[in-house]
There are 2 protein chains.
Amino acid sequence: MTTGDADIKIRILSAAKKLFAENGFDKTTVRQICEEAGANVALVSYHFGGKENMFYALFDYYFPNNQIAELDPMQLDPVEGVRLIVREVTNFRYSDYQLINIIQQEVIMNTDRIEKIRKHVMPMWGKLRYWLKEGREQGLFQFNSLDNTLFSIIGTLLFHRNSQYWAILHEEERSSKEAIVEDLTLFILGGLYYRGE
Amino acid sequence: MTTGDADIKIRILSAAKKLFAENGFDKTTVRQICEEAGANVALVSYHFGGKENMFYALFDYYFPNNQIAELDPMQLDPVEGVRLIVREVTNFRYSDYQLINIIQQEVIMNTDRIEKIRKHVMPMWGKLRYWLKEGREQGLFQFNSLDNTLFSIIGTLLFHRNSQYWAILHEEERSSKEAIVEDLTLFILGGLYYRGE
DNA sequence: GTCTATATGGGGATAGAC
DNA sequence: GTCTATCCCCATATAGAC
């Protein structure tokens, strides 16, 4: 099945995801999206009820169900929890960097669309918070402020090195996904002063 | 001197900085800016030559000259260098969070305006890279990939916890600037497996 | 379901009066 | 230098033909 054969609605969503990730929601026009999808401009309104509703449809369609969402954080010890988060976030980044990009844009730009994104994303950070707290109480981790530490980790994980803007700072070859997970895990557990193993 | 008395050009730049930080460059209209500044719409074109040039004027006017820019990184040992970066970035965040916000937006949205921002910001990260490399060679720091580690640190420092979006994750009282510098420094040096002192 | 043609609104810029 | 009025462009959405 080529792209041209796929359901027209999906083709539109796919084109929208690509273009939103590249240029942002506002700067991407419905015309561009439909040109990219090989569809007529009017179809966005017809099938989704406008540009904004198309955005939500895109999100519902593409956002993955990760394991963490339904996980009871008490089932995992804090170190394993932190490891899991690093792995999942990095997997997500690799499996759909466009969607990550869009989320990041929406969060940073503080759009009125983030409300709908929140419910997909927040549960994970809530669990990270739990594991940090638990890990400190068990003497595994050391830090002062839980809030500050939580945001240091979120920053480390979410920050995007993909934009051309940062290319000038790269000197090494691009790491594999596994190497990145490893480096992130080491850095974060080090930052938590975990001295296990 | 009240805001109303200030030079009209400065009042416009100040209003623009505020509104760009809140709503982004694209979603902020020249009309809004001029209303906020108590100025006439036509003045933006007259004084700056259009909305985009006003943006650059804003940037040239407000971007601080930090000490790091002219510093020779060899004059500082790597640990002191890292400490300095954490301090400077956090100071900047506190002294002008609007400008930080704007920079972040421009970087994430990959606008064509970032070119002009680059020259202000990049020298700092180049020096951080130098200190990391030097620190590893001196046996002070431990990590695998220099690139990955550099971006972990940049992510930790730049990531913004100010937006309302994250409020739900905060449980403690807001830390003082000094406490945040301390926590960030501990986390980052820990992540680098620095065991000094 | 899909198309063309058009309505509608809003934004940046500027001509020309003061 | 500052104002008002207006121009022009471009984006979304939709009416109505097929």
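First the proteins, then the strands, lettered A, B, ... as listed; each starts at 1.
Judged as a side chain to side chain donor-acceptor pair (under 3.5 Å), and not counting sequence neighbours, B:D26 has no contacts. Residues passing the salt bridge (charged side-chain N to carboxylate O under 4.0 Å, His left out) test with A:R174, sequence neighbours excluded: none.
Atom CD1 of A:I12 is separated from atom P of D:dA13 by 13 Å (rounded to the nearest Å).
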Show which side-chain atoms of residues 32-47 of chain A pair as donor or acceptor with protein atoms under 3.5 Å away, not counting sequence neighbours.
unit_1 : atom_1 : unit_2 : atom_2 : d
A:Q32  : OE1    : A:T29  : N      : 2.9
A:E36  : OE2    : A:K18  : NZ     : 3.0
A:N40  : OD1    : A:A42  : N      : 2.8

For residues 68-81 of chain B, tabulate all N or O donor-acceptor pairs below 3.5 Å that involve a side-chain atom, not counting sequence neighbours.
unit_1 : atom_1 : unit_2 : atom_2 : d
B:D72  : OD1    : B:M74  : N      : 3.1
B:D77  : OD2    : B:V79  : N      : 3.3

Just list the side-chain donor-acceptor pairs under 3.5 Å for residues 151-159 of chain A, sequence neighbours left out, or say none.
unit_1 : atom_1 : unit_2 : atom_2 : d
A:S152 : OG     : A:N148 : O      : 3.2
A:T156 : OG1    : A:S152 : O      : 2.8
A:T156 : OG1    : B:T156 : OG1    : 2.8

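A nucleotide of DNA chain C counts as in contact with chain B when one of its atoms lies under 4.0 Å from a heavy atom; the first and last such, 5' to 3', are C:dG11 to C:dT14.
Cluster partners of A:L186 are B:Y193, counting Ile, Leu, Val, Met, Phe, Trp and Tyr whose side-chain heavy atoms approach within less than 4.5 Å, directly or via other members.
Using modelled atom types, one side-chain atom of A:E172 and one backbone atom of B:L146 make a donor-acceptor pair closer than 3.5 Å.
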Set out, line by line, the N/O atom pairs under 3.5 Å between protein and nucleotides 4-11 of chain D.
unit_1 : atom_1 : unit_2 : atom_2 : d
D:dT4  : OP2    : B:N40  : ND2    : 3.2

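Within the structure, ring-ring contact (aromatic ring centres under 6.0 Å, His included) pairs that include any residue of residues 93-116 of chain A do not occur (at least two apart or interchain).
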